[in-house]
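Just so it is clear, the values below take in all heavy atoms, side chains as well, and ignore hydrogens, waters and symmetry mates. Just so it is clear, the structure is predicted and the values come from calculations on it, not from any experiment.
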Number of protein chains: 6
Amino acid sequence: MEFRIIKSPSAGTVDILMRRMGPKVNEELRHADAVGLVQGRMIEMICAADIAEKAVGVTVEDVKGSCPQNMILIAIFGDTASVESAIQEIKYKLEEGKNIC
Amino acid sequence: MEFRIIKSPSAGTVDILMRRMGPKVNEELRHADAVGLVQGRMIEMICAADIAEKAVGVTVEDVKGSCPQNMILIAIFGDTASVESAIQEIKYKLEEGKNIC
Amino acid sequence: MEFRIIKSPSAGTVDILMRRMGPKVNEELRHADAVGLVQGRMIEMICAADIAEKAVGVTVEDVKGSCPQNMILIAIFGDTASVESAIQEIKYKLEEGKNIC
Amino acid sequence: MEFRIIKSPSAGTVDILMRRMGPKVNEELRHADAVGLVQGRMIEMICAADIAEKAVGVTVEDVKGSCPQNMILIAIFGDTASVESAIQEIKYKLEEGKNIC
Amino acid sequence: MEFRIIKSPSAGTVDILMRRMGPKVNEELRHADAVGLVQGRMIEMICAADIAEKAVGVTVEDVKGSCPQNMILIAIFGDTASVESAIQEIKYKLEEGKNIC
Amino acid sequence: MEFRIIKSPSAGTVDILMRRMGPKVNEELRHADAVGLVQGRMIEMICAADIAEKAVGVTVEDVKGSCPQNMILIAIFGDTASVESAIQEIKYKLEEGKNIC
């Protein structure tokens with residue numbers, strides 16, 4: 001699992017992400033303070049999306065079209081503190097190594 | 001073979017799964033108590049789907065678009081106990097190492 | 001080369017296979033007693049399909065969409081004995097190591 | 001580079017190949033005595049197709065949809081002797097190791 | 001991460017890039033003095049795009065269709081000095097090894 | 001980086017290449033004396049295309065649909081001497097190992 005946080009993402013960066021998110025994306029995400037990116041194996045990332053979804057103040061989307069082998073990327077939009085805290089939560093829960101989340 | 005169980009999956013997580021399941025998915029799956037994810041080589045996962053289908057109280061779908069190499073992901077929806085028991089059954093039968101299931 | 005035989009496949013399992021077989025699949029395959037799965041490198045699997053086609057009492061289809069690297073999956077439908085015998089034949093002929101089948 | 005020759009290919013086998021060849025395939029290929037399959041890296045296979053095209057009595061097609069990594073499959077239709085001789089020619093010329101064919 | 005700078009790119013080269021950029025590309029990019037190419041893992045390249053976007057005098061696009069495993073390519077258009085400086089910035093920031101950019 | 005030169009390519013070989021080049025290919029390429037094939041990592045091949053484009057007497061196209069991992073193939077059409085000289089130029093410039101071309 002690998003992650004990055006982009007503070008104040010540029011419009012072009014959000015465009016690159018949004019073009020890979022499908023047609024009915026919430027346009028409000030363009031104004032998010034930060035975006036967190038988490039990349040990992042598919043089965044892990046669905047858990048990661050669930051953990052982030054249950055966190056406060058963030059919206060989670062999966063970024064298609066990356067065509068990795070068995071890897072997907074999710075993007076977590078929100079204010080910087082919420083994104084950081086959602087990613088901490090994902091790291092903590094996935095690294096616990098339990099199969100139930 | 002790798003598996004995860006998500007209890008009370010968030011709406012966003014079920015959305016991510018459903019968008020990868022094709023157009024005529026049963027909308028009732030949105031209200032499942034739990035979803036089990038099983039990932040493995042294609043030939044194994046078709047057996048896994050069959051084992052889970054024959055278990056009680058769960059619905060099985062394959063999750064497309066993961067573009068893995070030779071791997072697919074299946075999702076097993078149902079109440080938590082049924083999902084856990086279907087996954088136990090899959091582990092038991094696939095690990096027996098027999099070619100007939 | 002890897003293979004599995006599913007006896008009395010569940011309706012959901014046959015659905016997963018059929019959705020990956022293209023639009024004009026023979027609906028009668030739904031009532032097959034057994035389905036054999038054979039997975040291997042593309043060039044081998046075309047030979048395997050040919051060997052199975054020449055066997056008695058089975059129907060062979062290739063299962064698309066698995067997006068493996070250089071691997072495909074074929075499904076062999078028929079009664080259990082015919083499926084088992086077609087797979088024996090494939091194993092025997094491919095393992096002979098001759099380039100002509 | 002790997003190759004196989006199928007003598008008297010079954011109708012189903014020719015179907016599997018034809019479905020991966022695009023819409024305007026010559027239907028007469030269905031009646032070929034033999035089909036040779038050659039699989040290798042893309043750049044080699046284009047040379048192989050050219051060598052076979054220049055051989056006598058065979059028709060060459062590339063088989064799409066195998067989604068390999070950097071590999072493609074070509075099919076060489078014709079009578080058995082012509083297919084065998086085209087494949088000998090490919091082996092000989094590609095193994096010479098020259099970059100010009 | 002790997003990069004290249006093409007000075008005075010030929011029309012054909014810009015065409016190859018543009019055909020992989022989607023329909024609504026800015027035609028003015030055809031007249032850019034230079035194009036920088038940066039290739040790396042998806043999660044890194046989204047950060048790289050953001051760093052370049054925040055640099056002065058360049059336009060960033062992602063180049064689709066390369067179908068790599070977990071890798072994407074971005075193209076940075078602008079005058080030679082701006083492209084070089086954007087790439088220096090990317091190298092510096094990504095090699096810092098921080099997860100926040 | 002790997003390359004091959006096909007002298008007097010057969011019509012079928014040019015067809016295989018053209019079908020992977022998109023709809024608006026210059027039909028005159030069918031009459032080229034020779035075709036050079038260069039295969040390598042995407043970022044290198046875009047530089048290679050640029051170097052060949054700037055050479056005299058050749059036309060460069062990228063060959064899609066090979067779905068390699070991070071590799072693409074370009075085809076260089078022209079008379080034999082021009083194709084050979086364009087490929088020499090590519091080898092020389094790419095092997096220099098500079099990041100600027």
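Judged by distance alone, with hydrogens and angles left aside, the side-chain atoms of D:Asp50 form a donor-acceptor pair with the main-chain N or O of F:Ser10 at under 3.5 Å.
Distance CD/D:Glu53 to CG/F:Asp15: 8.0 Å, rounded to 0.5 Å. Taking CD of D:Glu61 as the start and CD1 of F:Ile16 as the end, the distance is 7.5 Å to the nearest 0.5 Å. With rounding to the nearest 0.5 Å, the separation of CD1 in D:Ile46 from OG1 in F:Thr13 is 8.5 Å. Taken to the nearest 0.5 Å, the CD1 atom of D:Ile43 stands 7.0 Å off from the CZ atom of F:Arg4.
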Without placing hydrogens or testing angles, list every side-chain donor-acceptor pair under 3.5 Å for residues 77-89 of chain F, not counting sequence neighbours.
unit_1  : atom_1 : unit_2  : atom_2 : d
F:Asp79 : OD1    : F:Ala81 : N      : 3.3
F:Asp79 : OD1    : F:Ser82 : N      : 3.1
F:Asp79 : OD1    : F:Ser82 : OG     : 3.2
F:Asp79 : OD2    : F:Ser82 : OG     : 2.9
F:Glu89 : OE2    : F:Lys93 : NZ     : 3.3

